[in-house]
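First comes the structure, then the notes that go with it.
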Protein chains: 2
Amino acid sequence: MPERTTTARATPDERRRQILDVACTLFAHHGYAGTTTKAIASAAGITEGLIYHYFGGKADLLVEVVNQRSALLTQVRTLLRDEGDAPVVRTMPLIARGWVELVRRQGDLVITMVSESHAHPEVGAAFQGLLDEIRGGLEGYLQRRVAAGELRADLPVSVAAASFLSSLLMFFYTRADLDEAAWQVEASRFTAALLDVWLHGALAPTQNPTQNPTP
Amino acid sequence: MPERTTTARATPDERRRQILDVACTLFAHHGYAGTTTKAIASAAGITEGLIYHYFGGKADLLVEVVNQRSALLTQVRTLLRDEGDAPVVRTMPLIARGWVELVRRQGDLVITMVSESHAHPEVGAAFQGLLDEIRGGLEGYLQRRVAAGELRADLPVSVAAASFLSSLLMFFYTRADLDEAAWQVEASRFTAALLDVWLHGALAPTQNPTQNPTP
DNA sequence: GTCTATACGGAGATAGAC
DNA sequence: GTCTATCTCCGTATAGAC
């Protein structure tokens, strides 16, 4: 078995990972086209030439970075499966918090996908595919809660799921620069309020004058 | 007074506009860093040198493009003012449709702002400022409808407004490539369903067992 | 596996003729 | 106001030594 006495750091796989991580961060902060191979090498503490030992070219970096979304998708699936068929008032807050924290932890990847969506059709397709799968998962859960009679029968589940996820995603996207402490506070507030609106709607309860004026 | 007999097209102001329009379109499709001055000149039917006669440099183009957002803001303000204090079931559909059509007509600008948000802090700030002002406007309207008793008193108006706008914005952002016909269909459907969820919420009406089992 | 050195093209920008 | 010509630098990518 391969033994390492001292020093000798960074196995090939670690290097690949490291380069991809650095690239992802820089892509998020400066955009793909705005990130130079020199900057990537410098931030990774290596030379430009080494990048081409591990990857075919700069374009490959973007592809491989975006492919890491599958890990993100897996985590969301776990999130949805774990909360199987519990009532929405219990599950939705967990999904909301899980989704928002997941997006934040994978923030650079998400920012890169959103930012490069329109410049690189493949990225746009990957991003939309990811959102669609996640929305589909949530949709399935909502459908089951409709069947259980907990959600209204005429709820447009697909749009309800999309709206829920979009709102949290946009929230993250516009506050990604917050430090961890401020983020926790704002994310909690926003999530709670969003759930309130999403569950109960904006309208005042039954002010229909022909029925139940004051019950 | 300045007279023009024939030909002699493109006044200085028209040229500026034209260059900015072309730049905005290309920024949206290839990103700022991915757009070359050569490409802008070529698409505008002029030479690169002329760009520098009208603008200080490429960076100025981005700034001026993003500054066009004020026009967008004005239009939203008009939209909100015109529908003053009418009931939500009448006004919100108009706001939804107006917002979504506005965003689509100014699609290249919106895509550019979103895409370049994190690479260029000034753009990010401009974008967030724009969203904040629009949300604030909608929030004011909602607050008045709360006062009128039409919306529930405990509605988190700020988040309700943000969620409404975010959902429509993300919808546009992920379907910007649809052709006009398909767009009209999908936008109508989405908008109607979103309003349904937003107004009435997802929960089934009062299945509280201690009260009104079947009224 | 990692670095040095270098080729090559293209990017933004300027000068000056018309 | 518009174009042609050109400058300079920097970006990606390769070759080859260690």
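Computed from a predicted structure; not experimentally measured. Heavy atoms only: backbone and side chains are in, while hydrogens, waters and symmetry mates are out. Chain letters run A, B, ... following the sequence lines, proteins first, then strands; residues in each count from 1.
- A straight line from CG of A/Leu50 to P of C/dC3 spans 6 Å, rounded to a whole angstrom.
- We find that CD1 of B/Ile40 is positioned 11 Å from P of C/dA11, with the value rounded to whole Å.
- Side-chain atoms of B/Gln68 and B/Glu64 include no donor-acceptor pair closer than 3.5 Å.
- Salt bridge A/Arg135/A/Asp132: present, at least one basic N to carboxylate O contact under 4.0 Å.
- Rounded to an integer number of Å, the gap from B/Lys58 NZ to D/dG11 P is 12 Å.
- Applying the 4.0 Å criterion to OP1 and OP2 of D/dG1, one finds that B/His53 has a side-chain N or O inside that range.
- A sub-4.0 Å separation between OP1 or OP2 of C/dA13 and a side-chain N or O of B/Tyr52 is present.
- Put simply, CG on A/Leu61 is 16 Å from P on D/dG11, counting in whole angstrom units.
- For B/Tyr54, a side-chain nitrogen or oxygen approaches OP1 or OP2 of D/dT2 to under 4.0 Å.
- One can place CZ of B/Phe55 at 16 Å from C1' of C/dA13, the figure rounded to the nearest angstrom.
- B/Arg152 has a carboxylate O that lies under 4.0 Å from a charged side-chain N of A/Asp196, or vice versa, which qualifies the two as a salt bridge.
- Residue A/Lys38 places none of its side-chain N or O atoms closer than 4.0 Å to OP1 or OP2 of D/dG11.
- Nucleotide D/dC7 holds its C1' atom 13 Å from the CD atom of B/Glu48, rounded to whole Å.
- Look at CD1 on A/Ile46: it is 11 Å from C1' on C/dG1, rounded to the nearest Å.
- Cation-pi contact between A/Lys58 and A/Tyr52: absent, since separation from the ring centre below 6.0 Å together with deviation from the ring axis within 45° is not met.
- If you take CZ of B/Arg17 and C1' of D/dG1, they are 19 Å apart, rounded to a whole angstrom.
- The phosphate of D/dT2 (OP1 or OP2) has no side-chain N or O of B/Thr47 nearer than 4.0 angstrom.
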